[in-house]
Amino acid sequence: MNHLKISTLAACLTAAFATGAGAATLTATIDAARPGPVISKYVYGQFAEHLGTGIYGGLWVGPDSKIPNTRGWRRDVVGALKDLHVPLVRWPGGCFADQYHWRDGIGPRAQRPVRINTNWGGADETNAVGTDEFFDLVGQLGAEAYINGNVGTGSVQEMSEWMDYMTASGTTSLAQLRARNGHPKPYKVAFFGIGNEAWGCGGNMRPEQYADLYRHWSTFIHPGAGNDTKFIASGGHDEDTTWTDKLGANIYGVRFDGVSFHYYTSPGPDANNHYGAIGFDEGRWIWTLKQTLRMDGFIAANVAKLDQHDKDKRLTFAVDEWGTWYEAEEGSKPGFLVQQNSLRDAVVAALNFNIFHAHADRVRMTSIAQMVNVLQAMIRTDGAKMVLTPTYHAFKMYVPFQDATSVPVSLGNNPEYRLGDVAIPAVSASAARAKDGKLYLALVNTNPRETADVDVNVAGAGAKGATGSVLTAPAMDAHNTYAAPDAVKPAPFTAQAAGGKLTLHLPAKSVVVVALQE
Ligand code: AHR
C-alpha cells in the first residue's frame with residue numbers, strides 16, 4: 001500500500017468512526033458498587049432577578065390581578081415550577097442585588113418607593129415584590145432561599161439588619177417589624193451571597209479588595225438562632241481562576257462556605273450574543289454545545305485552586321449563574337434579556353447537569369439564569385398565557401438526581417460528533433442511586449444527525465431493562481409556543497435486555513433519563 005492509499009483509508013476510517021458507521025459498540029459501564037458523593041439537590045437551584053418580566057408579569061401579577069394568583073404569585077407558573085421540585089431560588093439579583101435596598105420592599109405596598117432599575121432597561125422598580133413576598137414564593141414552591149446581599153451600594157449595617165429582619169426571633173425590633181408585616185416566624189436563609197460579580201457590575205473591584213470587604217462584612221452579618229446560613233463569596237467567571245485563588249487564600253477567620261462562579265454559554269467563541277435562540281444552522285448547534293462543555297474544564301481548574309487552600313473540601317463551588325445567552329428576541333425590550341428556548345437549550349442543560357454531577361464533591365449548589373422569561377428560562381409568559389420550555393422538561397427529567405448518590409459511569413468507544421473542524425464527544429452520561437433506591441442513568445446524544453446505541457453494563461450485576469423518558473424533536477431549534485405548547489416534550493422510553501444485553505437506542509439530538517431494572 002502506498003502512502004496515498006494509506007492516508008485515504010485512514011480518512012475513510014475516521015469518517016466512518018465519526019458518523020458511527022461500523023464503529024465499535026458504545027458502552028456505558030456503571031460501577032454501582034462504588035458510590036461517589038451525593039449530588040446536592042441545590043445543584044438544581046434557579047435564579048429569579050428583578051430583570052424584565054422575570055418577576056413582574058412572569059411570576060408576580062399582584063393579588064388584584066385577573067390572572068389567577070395566590071397572594072400575588074401566578075398559580076399557573078408556580079404550579080408548573082412545583083413539579084420541578086425547585087430546591088432553591090436566588091434573589092433579588094444578579095447585578096440588581098447591588099442596587100437593592102431591602103427597606104424599600106417591606107410594609108404596605110402602596111407606600112413603597114418606586115426606583116429605576118438602572119441595570120436592566122431602566123424599568124420602574126415598584127418594589128411590590130420585597131422580602132416577605134419573596135419568602136411567600138419560596139414557601140409556595142417548597143423551595144429554600146438564596147438571598148444575594150448588596151455590597152455595591154449597600155452598607156454592612158444595612159445587610160446586618162436585613163439578616164436580622166429575615167432570621168431574628170423573639171423581641172428584637174426587626175423581628176417585631178417582620179411580625180407586624182405578617183410574619184412572626186423567622187425565615188430560613190439557606191444561602192447568603194456577599195455581593196455579586198464584584199469584578200464587574202458589583203463594583204469593579206480587585207479580588208484582594210473584595211476579599212478584605214468580605215471579611216469585614218461577614219463579621220457583622222449574623223443569621224438568627226437555628227439558621228445554618230451558608231455564606232457565599234462573589235467569585236470569578238469563565239476561564240479566569242484568579243478570583244477563586246485569591247478568595248481561597250485571603251478569606252479566613254470568618255464565616256465562609258463557598259465561592260460563586262458564573263459562566264454563560266454563547267453560540268460560538270467569536271459569537272458572544274450575536275446569534276439568535278432559533279433559526280440557527282448545525283454550525284451554531286455544535287459550537288453552542290462545545291462552548292457549554294467548557295464548563296467542565298472551568299470547574300476543574302477552579303476546584304484545583306480551591307483544593308490548594310481548602311484541603312478538606314469544606315467550601316462549595318457555587319455555579320450560581322449558568323445557561324445560554326443569545327441575541328435578544330426581535331422586538332423585545334432592550335435590557336430585558338428575552339430569548340426563545342429550543343431543544344438545543346435542553347441539551348445544554350442536560351450536559352451541564354452531567355458535568356455538575358461529575359464534580360458533586362465541590363459543586364454543591366448552582367442556579368440557572370433564569371427561572372421565567374429571562375435568558376435560559378423554564379417558563380415563558382405573555383400576559384395570561386404560559387408555555388413550558390424544553391429546558392423545563394430537562395429539569396423535570398433530572399429530578400431523581402436531586403440528593404441522589406452519584407455512581408461512576410464510564411463510556412467506552414464514545415465516538416466524536418464532528419462538523420468540519422469542530423468536534424465534541426457524541427454522548428455524555430451520568431448515573432446515580434436515587435433516594436427511591438433506583439439506579440438512574442442520564443444520557444445525552446449531541447449529534448443532531450446520527451442515532452447512538454449504548455450497551456449498558458452495571459458492573460457486577462447487569463441491567464434487565466430501563467424505563468424513563470426521552471426528549472427530542474425533528475428540528476434542532478424545535479421549541480414550544482403558545483399556539484403549539486407541546487412541540488417539544490418528553491416521551492416514554494423503555495428498553496428490555498435481550499440475550500443478557502441491554503442496549504439503549506438514543507435518537508439523534510436527544511436527552512434520555514431512565515431508571516434501570518437491576
Ligand atoms: O443573569 C443576568 C446577569 O448576568 C446578572 O444580573 C449578572 O450577575 C450577570 O452578568
Side-chain angles (χ1 to χ4, degrees), residues 45-56 58-59 88-101 115-123 125 129 134 146-154 191-205 207 210 232-240 243-244 247 258-267 272-273 277 291-292 295 298 317-329 332-341 345 348-349 352 365-380 389 391:
Q46 306 207 1
F47 176 28
E49 182 169 15
H50 288 238
L51 191 175
T53 54
I55 291 193
Y56 297 116
L59 273 160
L88 189 74
V89 187
R90 179 175 180 240
W91 176 85
C95 293
F96 179 81
D98 280 298
Q99 68 169 128
Y100 182 65
H101 299 283
R115 312 274 184 210
I116 298 203
N117 189 333
T118 51
N119 279 295
W120 305 118
E125 169 54 61
V129 170
F134 172 69
Y146 176 8
I147 300 290
N148 208 116
N150 174 355
V151 170
T153 63
F191 293 88
F192 188 80
I194 310 264
N196 168 71
E197 295 193 350
W199 44 265
C201 66
N204 290 304
M205 298 180 213
Y210 170 79
I232 304 293
S234 167
H237 62 105
D238 299 7
E239 53 271 299
D240 182 10
W243 279 74
T244 304
L247 301 185
V259 175
S260 85
F261 175 78
H262 295 175
Y263 173 54
Y264 285 95
T265 297
S266 65
N272 293 321
N273 310 324
Q291 288 287 91
T292 218
M295 180 70 91
F298 294 158
F317 189 62
V319 186
D320 60 10
E321 287 186 30
W322 66 274
T324 53
W325 193 321
Y326 308 121
E327 189 173 55
E329 194 166 87
S332 62
K333 287 199 185 141
F336 275 32
L337 309 188
V338 176
Q339 63 188 39
Q340 189 47 274
N341 191 294
D345 295 273
V348 162
N352 279 282
M365 184 261 275
T366 90
S367 52
I368 188 170
Q370 299 194 3
M371 198 175 217
V372 180
N373 287 336
V374 176
L375 297 174
Q376 189 178 346
M378 310 300 110
I379 290 178
R380 301 190 74 201
T389 67
T391 297

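When a ligand or atom number is given, it counts from 1 through the structure's own listing order.
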Under 3.5 Å donor-acceptor, Asn352 side chain and Val348 backbone =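 Here the side-chain-to-backbone pair exists.
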
Where's the contact between [X] and ligand 1, heavy-atom distance under 4.0 Å: side chain, backbone, both or neither?
X: Asn196; result: side chain
X: Tyr264; result: side chain
X: Trp120; result: side chain
X: Leu375; result: side chain

From the options Gln376, Arg90, Glu321, His262, select the one whose nearest heavy atom is closest to atom 9 (C) of ligand 1.
->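 It is Glu321 whose heavy atom sits nearest to atom 9 (C) of ligand 1.
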
When you compare the side chains of [X] and [Y], does any donor N or O come within less than 3.5 Å of an acceptor on the partner?
X: Glu197; Y: His237; result: no
X: Thr265; Y: Gln291; result: no
X: Asn117; Y: His50; result: no
X: Asn341; Y: Tyr326; result: no
X: Glu125; Y: Tyr56; result: yes

Min N/O separation Gln370 to ligand 1 under 3.5 Å =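 Checking ligand 1 against Gln370, an N or O pair does fall under 3.5 Å apart.
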
Look only at interatomic distance and state if Phe96 has a nitrogen or oxygen under 3.5 Å from any nitrogen or oxygen of ligand 1.
->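 Between Phe96 and ligand 1 (N or O atoms, distance only) the closest approach is not under 3.5 Å.
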
Evaluate salt bridge (Lys or Arg N to Asp or Glu O under 4.0 Å) for Arg90 paired with Glu49, printing each intermediate quantity in order.
-> CA-CA 8 Å; Arg90 179 175 180 240; Glu49 182 169 15; over 6 Å; no

By number and element, which atoms of ligand 1 are closer than 4.0 Å to a non-hydrogen atom of [X]?
X: Glu197; value: 7 (C), 8 (O), 9 (C), 10 (O)
X: Phe47; value: 1 (O)
X: Glu49; value: 1 (O), 2 (C), 5 (C), 6 (O)
X: Trp325; value: 4 (O)

Is the Tyr100 to Trp91 ring centre distance short of 6.0 Å?
->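 Yes.
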
